[in-house]
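Since this is a predicted model, take the numbers as computed values, not measurements.
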Amino acid sequence: MIREFDNYGYLITDIEDNLLLSVKNEIKENKMVSISNEVDGHVTGTYSLKDSLSDLQSIVMPHFIEYDRHYNYINKNYSTLTDSLNIVMNDAWVSFQNKYEFNPAHRHPGLMSFVIWTNIPYTRDDEIKSSPVKNKRNKSGSFTMYYTNSIGDVVTKDILLDNTYNNKMILFPSKINHSVAPFYSTDETRVSVAGNFFFETKENKYA
């Protein structure tokens, strides 16, 4: 008999455009506060989202619950806290990435993180034609996750992003390191929305 080791994957799903109206309106109105100096991304700008934070939580939380139902993730990893603390999203942001910019490998604080791509302005074929790498290993514009397998090797999962991923969301444990590769084929800006979930304590702090 073959038995698999326990491990945690990721959830990916489409988000209906009408659910993202408040998020996109906040971005369009450009009343956000820059947090570029607080993050590691080598991108044009990163801005905190406040007005649409509750809407984002409503959008993402059902998928968080689905992920937890599948993996029993919270109970397995945080069993001493689950009975007494609520889970909330207390931060979200939008990132604007232009040609040649990138986000180096990093991880987020919190329990669970998400990314929603609201504008990916390139196709996979255009990226293959425009980037320095012309072969099938081309990963330009990709979202890559890094994790350790059962024999201790660090392996990667590449999501080869293109315009077919607009309004798609990925949800994953915040501890998973991930990076964003540069793209080459367009001068348009790539826009993504991200955020984290935390335990809310009685002192209104987050664990």
Side-chain angles (χ1 to χ4, degrees), residues 6-24 27 39-43 46-49 52-53 55-74 77 87-97 101-124 127 138-149 154-183 189-198:
D6 290 337
N7 210 338
Y8 301 110
Y10 63 93
L11 180 152
I12 190 165
T13 187
D14 292 299
I15 303 297
E16 293 182 15
D17 192 58
N18 65 299
L19 296 178
L20 294 170
L21 286 178
S22 66
V23 180
K24 293 183 177 181
I27 295 170
V39 298
D40 295 328
H42 295 246
V43 299
T46 303
Y47 299 86
S48 178
L49 293 172
S52 57
L53 193 63
D55 286 343
L56 273 171
Q57 177 166 309
S58 298
I59 292 168
V60 182
M61 182 59 82
H63 301 288
F64 187 147
I65 293 170
E66 178 63 26
Y67 184 98
D68 190 53
R69 183 183 295 118
H70 182 82
Y71 287 109
N72 195 24
Y73 178 77
I74 299 299
N77 292 277
I87 294 174
V88 296
M89 180 195 302
N90 82 314
D91 68 338
W93 60 93
V94 57
S95 293
F96 299 98
Q97 178 187 1
E101 296 178 341
F102 66 98
N103 208 333
H106 64 287
R107 54 189 279 183
H108 292 184
L111 308 172
M112 196 70 63
S113 299
F114 71 92
V115 180
I116 301 172
W117 295 286
T118 61
N119 184 50
I120 301 178
Y122 50 83
T123 67
R124 179 54 36 197
E127 281 302 297
N138 183 296
K139 298 179 182 180
S140 64
S142 66
F143 181 94
T144 298
M145 290 173 281
Y146 307 82
Y147 61 97
T148 306
N149 67 14
V154 176
V155 293
T156 61
K157 173 61 181 179
D158 299 303
I159 300 178
L160 301 179
L161 298 177
D162 60 15
N163 58 0
T164 64
Y165 280 82
N166 285 330
N167 284 9
K168 285 188 182 292
M169 180 186 76
I170 183 173
L171 178 80
F172 54 94
S174 300
K175 293 180 179 180
I176 293 180
N177 280 283
H178 54 282
S179 64
V180 181
F183 60 87
T189 300
R190 195 177 97 162
V191 183
S192 59
V193 172
N196 303 315
F197 285 87
F198 295 80

[atom1]-[atom2] distance between [X] and [Y], expressed to the nearest 0.5 angstrom:
X	Y	atom1	atom2	result
Met89	Met112	CE	CE	12.0 Å
Asp68	Ile87	CG	CD1	7.0 Å
Leu160	Ser142	CG	OG	6.0 Å
Leu171	Tyr10	CG	OH	12.0 Å
Asp91	Phe197	CG	CZ	10.0 Å

Is there a side-chain contact between [X] and [Y], using heavy atoms and a 4.5 Å cut-off?
X	Y	value
Leu11	Phe64	no
Gln57	Leu53	no
Phe143	Tyr165	no
Tyr146	Ser179	yes
Tyr67	Phe172	no

Step through the shown structure and confirm whether more than 12 heavy atoms of other residues, nucleotides or ligands are within 6.0 Å of CG on Asp6.
-> no

Which residues satisfy the salt bridge (Lys or Arg N to Asp or Glu O under 4.0 Å) test with Lys157, sequence neighbours excluded?
-> none

Salt bridge (Lys or Arg N to Asp or Glu O under 4.0 Å) with Asp158: which residues, sequence neighbours excluded?
-> Lys139

How would you list, by chain and number, every residue that makes a side-chain contact (heavy atoms from CB on, under 4.5 Å) with [X], sequence neighbours excluded?
X	value
Ser22	Ser52, Asp55
Thr148	Val154
Thr46	Ile35, Ser36, Val39, Val43, Trp93, Ser95
Pro121	Asn119, Thr186, Glu188, Arg190

Begin from the C-alpha positions of Leu161 and Phe183 and carry the test side chain to side chain contact (heavy atoms under 4.5 Å, CB included) through to its verdict.
-> CA-CA 10 Å; Leu161 298 177; Phe183 60 87; over 6 Å; no

For [X], which residues count as a ring pair (Phe, Tyr, Trp, His ring centres under 6.0 Å) partner, sequence neighbours excluded?
X	result
His106	His108, His178
Tyr8	Tyr71, Tyr73
Phe96	Tyr47
His63	none

For [X] and [Y], which heavy atoms make the closest approach, and how far apart are they?
X	Y	value
Ser192	Trp117	CB-CD1, 3.8 Å
Gly9	Pro173	O-CD, 3.8 Å
Leu56	Ala92	CD1-CB, 3.7 Å
Asn167	Asp17	ND2-OD1, 3.0 Å

Evaluate the criterion side chain to side chain contact (heavy atoms under 4.5 Å, CB included) for residue pair Met145 and Ile159; output intermediate values, then yes/no.
-> CA-CA 8 Å; Met145 290 173 281; Ile159 300 178; 4.0 Å; yes

List the steps and the verdict of side chain to side chain contact (heavy atoms under 4.5 Å, CB included) for Leu49 and Ile27.
-> CA-CA 8 Å; Leu49 293 172; Ile27 295 170; 4.2 Å; yes

Are any side-chain N or O atoms of Gln97 and backbone N or O atoms of Ala181, one a donor and one an acceptor, separated by less than 3.5 Å?
-> yes

For the side chain of Asp162 and the backbone of Tyr122, is there at least one donor-acceptor N/O pair under 3.5 Å apart?
-> no

Indicate whether the side chain of Asn163 and that of Thr123 have a donor and an acceptor atom separated by less than 3.5 Å.
-> no

For residues 164-178, which residue pairs qualify under salt bridge (charged side-chain N to carboxylate O under 4.0 Å, His left out), counting only residues two or more places apart or in two chains?
-> Asp14-Lys168

Please assess Arg124 against Ser140 for the test side chain to side chain contact (heavy atoms under 4.5 Å, CB included), listing each intermediate value before the final yes or no.
-> CA-CA 9 Å; Arg124 179 54 36 197; Ser140 64; 3.9 Å; yes

Quick one: list whatever passes side chain to side chain donor-acceptor pair (under 3.5 Å) with Ser58, sequence neighbours left out.
-> none

Any Lys/Arg nitrogen of Arg69 or Glu66 sitting under 4.0 Å from an Asp/Glu carboxylate oxygen of the other?
-> yes

